[in-house]
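Reading through the C-alpha cells given below for one structure.
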Amino acid sequence: MRNIIKRIIHPIAKIGFKTYFSKPRKYKFENVEAIVHPGVFPPHLTISTKILLNYLKTQSLKNKTLLELGCGSGIISLFAAYQGAIVTASDINPSALQGLKVSSSKSDLHISIRYSDLFENLTNMRFDYIIINPPYYPKEPKNIKEEAWFCGSNFEYFKKLFFQLPEYVKKDNCVLMILSQDCEIKHIESIASKNNLSFKSILEKKVVGETNFIFKISINEEFN
Ligand SMILES: C[S@@+](CC[C@H](N)C(=O)[O-])C[C@H]1O[C@@H](n2cnc3c(N)ncnc32)[C@H](O)[C@@H]1O
C-alpha cells in the first residue's frame, strides 16, 4: 500500500519539490538554523536528519569531538556545536560547505568545515562521535546533487567507506549510521562485515509507514 501511494504521489511531489528547492531554504531545529542551498540535500524531505537530531539531543555532547561525514546543510553539525561539541563537518559538495560556512558564522557557532571525499582529508583524526546519513540508493550519481542520494550501482560509496572506517572506530567512541527500511540494509551490512565491522540497531523509528534505524558500528570483537 505504501509503495502504491508513493508511486502516485512521487511524480507530482517531485515537480513541487524541485521548484521549492530551486531557491535557498531555511531548516530550523530547536534554536539552530541552516540555509539549504539548491543542489544540497534538503533535510525537510526525509525523516532521517530529524531522527539523528532527536537522538543527539539525548546525548551529552559538551566538549566531545564529533564528525558529520557528508554534512549537507550541516544542521546536525550546527546543533552539535550549539550543544557544546567540537565539530568537524565534511562533504564533497562545495555548495553544502559554502552554505554551512554562512550558517555557522550567522549563528556564531564554530565548526571546522572541510572538503573531503569520505576520510581522504581527515586522516589521523579521532572523534568521539561520527555521524553518517549516507546516500543509499544503488544507482550511479549523475551529478553532485545526486551524490546525496545514490551510492553507485555497485554500492561503491559503502565499499570505500567501510574499507576506510575501521581506523576510526574505537572501543570508546560512537559511530552512527542511519538507514531506512527502503534501502538494502542486509547488503550494506554484508559489505561492512567484509571489513570486520558489525551493526547494532540502537534506535528504530517508524514515521508515515517508513522505519528508519540508527546503527552503531563496531569492530568485530575478534579483530579488536
Ligand atoms: C543523505 S545526505 C545527508 C546530509 C546531512 N548529513 C543530513 O543528515 O541532512 C548525504 C551527504 O553525503 C555527501 N556525500 C556523498 N558522497 C560523499 C563522499 N564520498 N564523501 C563525503 N560526503 C559525501 C552528499 O554530498 C550529501 O551531502
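All values below come from the heavy atoms of this structure, side chains included, with hydrogens, waters and symmetry mates left out. For clarity, every value in this text was computed on a predicted model and none was experimentally measured. Every number for a ligand or one of its atoms is a count from 1 in the order of the listing.
The nearest non-hydrogen atom to atom 2 (S) of ligand 1, considering only Phe41, Phe150, Tyr157, Tyr27, comes from Phe41. Looking at Asn133, Ile92, Ile178, it is Ile92 that brings a heavy atom closest to atom 17 (C) of ligand 1.
Ion pairing between a basic and an acidic side chain is recognised when a charged N comes within 4.0 Å of a carboxylate O; Asp91 and Arg114 show no such pairing. Glu156 and Lys159 are not joined by a salt bridge, as no carboxylate oxygen comes within less than 4.0 angstrom of a charged side-chain nitrogen. Taking the charged nitrogens against the carboxylate oxygens, Asp128 and Arg126 do have a contact shorter than 4.0 Å, which makes a salt bridge. Taking 4.0 Å as the cut-off between side-chain N and carboxylate O, Lys57 and Glu30 count as a salt-bridged pair.
For Ile76, every heavy-atom contact with ligand 1 shorter than 4.0 Å involves the side chain, none the backbone.
Where the criterion is an N or O separation shorter than 3.5 Å, residue side chain and backbone included, Thr49 meets it with respect to ligand 1. Of the polar atoms of Glu68, at least one N or O is found under 3.5 Å from an N or O of ligand 1, judged by distance alone. Inclusion of Gly70 in the set of residues having an N or O under 3.5 Å from an N or O of ligand 1 is warranted. Considering both main-chain and side-chain atoms, Ala148 never comes within under 3.5 Å of ligand 1 through any nitrogen or oxygen pair.
In this structure, Cys71 is part of the shell of residues with a heavy atom less than 4.0 angstrom from ligand 1. Assignment of Asp117 to the shell around ligand 1 is supported, since a heavy atom sits closer than 4.0 Å. Close to ligand 1: Ser116, with a non-hydrogen atom less than 4.0 angstrom away.
Nearest protein heavy-atom neighbour of atom 15 (C) of ligand 1: Glu147 O, 3.3 Å. Nearest to atom 20 (N) of ligand 1 among the protein's heavy atoms is Leu118 N, 2.8 Å. Nearest protein neighbour of atom 26 (C) of ligand 1, counting heavy atoms only, is Asp91 OD2, 3.6 Å.
Looking only at atom types and distance, the side chain of Asn212 has no donor-acceptor partner in the side chain of Ser48 under 3.5 Å away. Defined by atom type and a distance below 3.5 Å, a donor-acceptor pair is present between the side-chain atoms of Tyr82 and Asn31. No hydrogens or angles considered: nothing links the side chains of Glu147 and Tyr157 as a donor-acceptor pair under 3.5 Å.
A parallel orientation is assigned to the rings of Phe119 and Tyr168, their planes being inclined by less than 30° (bins at 30° and 60°).
Interface of Gly72 with ligand 1, defined as ligand atoms under 4.0 Å from a residue heavy atom, comprises 4 (C), 27 (O).
At distances below 3.5 Å, not a single donor-acceptor pair connects side-chain atoms of Ser103 with backbone N or O atoms of Ala34.
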